Amino acid sequence: MRLTAENLSAHRGEDLIFSNISFDLQGGEALVLTGRNGSGKSTLLRVLAGLLKPPSGSVHLSYKDGRQAPNLAEEAHYLGHRNAMKPELTVRENLAFWKSFFGDREGGAGFSIGDAAAMVELEQVLHLPFAYLSAGQQRRMAFAKLLVAYRPVWILDEPTAALDVKAEALLASLMRDHQSQGGMLLAATHQPLELLNVKPLEMKGFEFTAEEWE
Amino acid sequence: MRLTAENLSAHRGEDLIFSNISFDLQGGEALVLTGRNGSGKSTLLRVLAGLLKPPSGSVHLSYKDGRQAPNLAEEAHYLGHRNAMKPELTVRENLAFWKSFFGDREGGAGFSIGDAAAMVELEQVLHLPFAYLSAGQQRRMAFAKLLVAYRPVWILDEPTAALDVKAEALLASLMRDHQSQGGMLLAATHQPLELLNVKPLEMKGFEFTAEEWE
Amino acid sequence: MTALLLRDLKLSVRAGGGALIGILFFLTVVAVIPFGVGPDLNLLSRIGPAIIWIGALLAALLGLDRLFQADRDDGSLDLLLMQEHPLVLTVLIKCLAHWLANVLPLVIASPLLGLFMNMNEVSIGAVMLTLLVGSPALAFIGAVGAAVAVSLPRGGLLVSILVLPLTIPVLIFGVSASYAAVQEPAPFLPPFLILTAITMFFAVIGPLGAALALRNGGD
Amino acid sequence: MTALLLRDLKLSVRAGGGALIGILFFLTVVAVIPFGVGPDLNLLSRIGPAIIWIGALLAALLGLDRLFQADRDDGSLDLLLMQEHPLVLTVLIKCLAHWLANVLPLVIASPLLGLFMNMNEVSIGAVMLTLLVGSPALAFIGAVGAAVAVSLPRGGLLVSILVLPLTIPVLIFGVSASYAAVQEPAPFLPPFLILTAITMFFAVIGPLGAALALRNGGD
Amino acid sequence: MTESLAITKFSDLANPTRFLSLASRLLPWMGGATAIFFVVGLYLAFASEGDYQQGETVRIMYIHVPAAWLSMMCYSVMALSAIGTLVWRHPLADVSHKAAAPLGAAFTLIALITGSLWGKPMWGTWWVWDARLTSVFILFLMYLGIIALNRAMDDPSKAARVSAVLILIGFVNIPIIKFSVDWWNTLHQPASVIRMGGPTIDGEFLRPLLVMAIAYTLLFFTLHVMAIRSEIWRRRIATQRRVAARMASRES
Amino acid sequence: MSHAFYVYSSYLVALAITAIAILWTWADGRARQRELAELEAAGVRRRSAAPRTSPVENPKEAASE
Ligand code: HEM
Ligand SMILES: Nc1ncnc2c1ncn2[C@@H]1O[C@H](COP(=O)(O)OP(=O)(O)OP(=O)(O)O)[C@@H](O)[C@H]1O
Ligand SMILES: Nc1ncnc2c1ncn2[C@@H]1O[C@H](COP(=O)(O)OP(=O)(O)OP(=O)(O)O)[C@@H](O)[C@H]1O
Ligand SMILES: [Mg+2]
Ligand SMILES: [Mg+2]
């Protein structure tokens, strides 16, 4: 499994947020993005998840056996600033929906809903509507979403926001488990995260105004 | 200025989240709530802000000269998990609205919008719609809202969520400034915050189920 | 308080496209009715005022259910509730903004629709006047529904159901005053005065009820 | 995909209170009408089909503009976009869920309302049939508007300009087919077939357009 | 004790546990009385003469009019409970208006249907959109709306407070129903029993009508108490389930 | 149609609706009772009905005794 990005750049509005970002990642490695607020971490992750079209550059993912994956987005979980869970539905309903909507990708299988909730240590709130959870509980359940369906690549935008110290360590260990099974991590974070095989990438922020009009 | 809370308790749904919480705070002091996710920190802050009616207990605020303030909510800023800014409006419009809607309370005056933005080091994005800011920039601007109108008491729920390390230090110093001018702080946080005269309060979480129906 | 009014106006112009949705919906309603009634111009002009009133009522409902919900979702509602500008006043201002942005344009457009419906000048004038006086009541009544909807995860149809029955008196007197202006024996003033009274009544009851619901429904 | 359908159905049932709500809403709308036009049973039965169609339009529009917005606000939309189930299909399913939850109950309730409006059996049957065939088009058209609204932060105005005028042909052919079924000289089939064609056309164009807007508008 | 004796007595009764024990003692008597009044009322209804104007159909009155009265009284009971919810925040008041709503809907439905069945022979039509009929129809819709609202919210005490506000706002409809026949001239009968200056109706019809009215009222209160009791049980069950779940998760 | 038809059908309708209301209320009560019994059997008990650990657990009840 191998992910290569070449010469990526991204616009937001008319501004060029970053350009010429290239990296190369093997299974089991983690790319950790750091940088000041507004330096473009989330933007880069959204580009990788296929949610923003980069004006230049390309991303390739190849499987262990050398085949080219058609699309990184399909092989990846994305956990953004927002949790992608419906406040009106119970936690269990939310997880069940994502489990069946995502399905598993080759190379692994998702955990059951009960197991996933147990892994983030929140089995006892499965029956509550998502809106009733506290901020940190919500974040943990959003993370449990990554566990119910298998994806080799995880794209995580500040996964540990709003978590207490114990929960932070818990999630970090879940991420390491994912890595040790050959998964890849791409994470943006402000707090140091204890991961394996970290490749750091510091975003510098704002590059230049777009040049089209010059 | 003095804030006393006696025997506060709070329900969420049918559950009793905490009970018998009492504390006493002087101007310049900070009450820092800690505790695991879901232990009731946000709930307590919402009770103090008057947004949840506690089934028992009372909160009193008295001014420096001993007069009783009619209401804590009016003398307080509340910064919750959500930023209370309109994504469609520009940052300047948002701040201008809150400045004129809040007005100042006796004992101080708010900063101008430009100054407040400069204090959180984000003058350059005042013209952007709020939706265009990055997560951390949004949080900083939500904090700037506290600066544009004067309130002696600040109720802050994880004020430094999503901030980078420098911004965290910056906001902490703004909070200390507020304290050193006699202001009070009530903050819930997972990361250690460097404040003055800290009174810690650790929330233990879930007490028991309501008894009305027994 | 003017700040709140201005902000809400700005929001509905910028984001919702409020005015235009209302007018277009209104137009659609009025455009479809003649197909039902057929080309009988006389009949058309007879039911004209009623149709315009019904159109206005339904158009005022569009978007009303989200009067407070948007504020709740981004956390502004908490801050509005904390201020001790009497909450009733805050609600009143928000109703006013909704009315200005979404209903007033309809009132202004109503003469045009009157022409479509083959109504005469007096009748058009009467409809416009009754709409101007009566339609704020719709916004006030709607505010109660919207406030109730805040405690629901999503409001939608339920709000309309709770609200519509209460709007019926407004509709009755609005329409009958418009008719009275044209049909000779019936006097215009009594129903018109009742309409005014209803609006004033709901201008008090509506915000009060909404404020009560907001205070009790939050968490 | 069924998961998505079920979730969306659950969401609209959970929050509003279920299919009953759609019917109740319709009932209230129809109950309001006679207050406007007066208790003239003859007139009521004549404008009945138009009123029922307008009620359906309103019910379809209420909440439609937020078809994708709720998903965007909580971040689900990102995840929906990332999956390679063809996006058109995803949109189609969402439209279907909206139609099933909000419009179908109305179609089912329409005979009851027809009775209230003093319509005869043939007319009631015709309205129900045209609604069944024509109302999905409203959902598909609305989907384009909803998608545009999501991708342009200030797309509000555009949505109303885009959506409401497009619904007028649907409404017109629906209503005129219902009338044709009762009034002798006019043939029922031509407008009905056109209505079917319109629905099928929008069933393709709508989700395609919506998917295009969603893909290009994300940020 | 600083409170007056009356208040203490009231809050004693209003304690859910007290209420349950009182209800179980009272219910058999209430049920029995209801049955007796119904038997007597129905006997009188069919034994009495027909009206010279309305013929046989006047017998519909004995079920239509009490049902119509009850539909309004039930709403008034709900409005009182709503005040209890908002002012005293009493949990029993929450339960009371929640339990009354379906009953009110049932009585209103009876009034609507029997009214229609009376209207066909008397007025020649099942339904007209006049003020009385429509305001009753609106009452029916409001009952359904309140039921729907209660079902749409899963936090019962919040649901109670919010629907209490709605009930109070909707109360404007009750005077409209009552006085609609005076304010608008309509097909419907003006008040002839409950009116200023005493009933104008003949004693022949008044007697069965009153007996039936008492029977309906008793029926309402019996069912209301039963429904309140089930609602209290329902909440106890929910509470105990939650406690059990918490205990279980604590132990594990 | 004869007047008797209207009279009897309205009595029938009234009877039917009343019967439904009564049965519904009664069945609901029975179902709740059964659930309570099941909980009891499963060993879940009301805390105020359980042996008292602290003397004033339920102040309302304690006061009225
Ligand atoms: C669906 C149709 C009808 C509805 C909704 C309806 C509703 C009501 C209501 C709410 C009342 C109580 C009024 C009060 O206490 O002041 C009432 C009373 C009454 N209704 Fe009807 N009604 C309907 C049809 C009829 C018809 C067709 C008749 C007979 C021609 C009729 C005869 C009466 C009479 C005699 C009373 C008693 C009035 C009094 O003594 O106060 N109703 N009805
Ligand atoms: N439409 C737009 N026009 C101009 N600038 C924009 C637009 N949208 C976003 N930006 C800018 O893009 C930059 C990158 O934002 P991004 O969310 O990627 O930052 P980030 O590194 O994730 O920050 P944080 O740590 O706060 O989450 C920000 O400076 C933001 O102001
Ligand atoms: N309606 C409800 N019914 C039952 N429990 C609820 C309800 N609403 C909230 N809760 C529970 O209340 C508890 C307290 O939540 P609160 O938001 O106060 O926690 P917190 O200390 O702020 O946590 P965090 O650090 O994650 O922000 C949580 O366990 C939550 O699950
Ligand atoms: Mg970011
Ligand atoms: Mg919290």
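Protein chains get the first letters and strands the later ones, always in sequence-line order, with residue 1 at the start of each. In this text the structure is predicted, and so the values were computed from the model without any measurement. What you see below is based on every heavy atom in this structure, not just the backbone, and it leaves out hydrogens, waters and symmetry mates.
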>> Between Leu4(C), Asp78(C), Leu6(C), Asn216(C), who has the most heavy-atom pairs with chain B when the cutoff is under 4.5 Å?
In response: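 Answer, by heavy-atom pair count under 4.5 Å with chain B: Asp78(C).
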
Measure from the side-chain N and O atoms of [X] to the backbone N and O of [Y], and report whether any donor-acceptor pair falls under 3.5 Å.
X         : Y         : value
Thr90(B)  : Glu93(B)  : yes
Asp104(B) : Tyr150(B) : yes
Glu158(B) : His81(B)  : no

Non-hydrogen atoms of chain C under 4.5 Å away: do they reach the side chain of [X], the backbone, both or neither?
X         : value
Lys53(B)  : side chain
Asn71(B)  : side chain
Arg151(B) : side chain

>> On a heavy-atom basis, which atom in Leu79(B) and which in Leu146(B) lie closest, and how many Å separate them?
In response: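 Shortest heavy-atom separation between Leu79(B) and Leu146(B) comes out as CB-CD2, 4.4 Å.
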
>> So, taking the atom named NE2 in His11(B) and the one named OG in Ser56(B), what distance separates them when rounded to the nearest 0.5 Å?
In response: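 Nearest 0.5 Å value for the NE2-OG distance: 8.0 Å.
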
> Based on non-hydrogen pairs under 4.5 Å, which of Ala49(B), Gly50(B), Gly80(B) is most in contact with chain C?
Replying inline: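 Result: the option with the highest number of such pairs is Ala49(B).
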
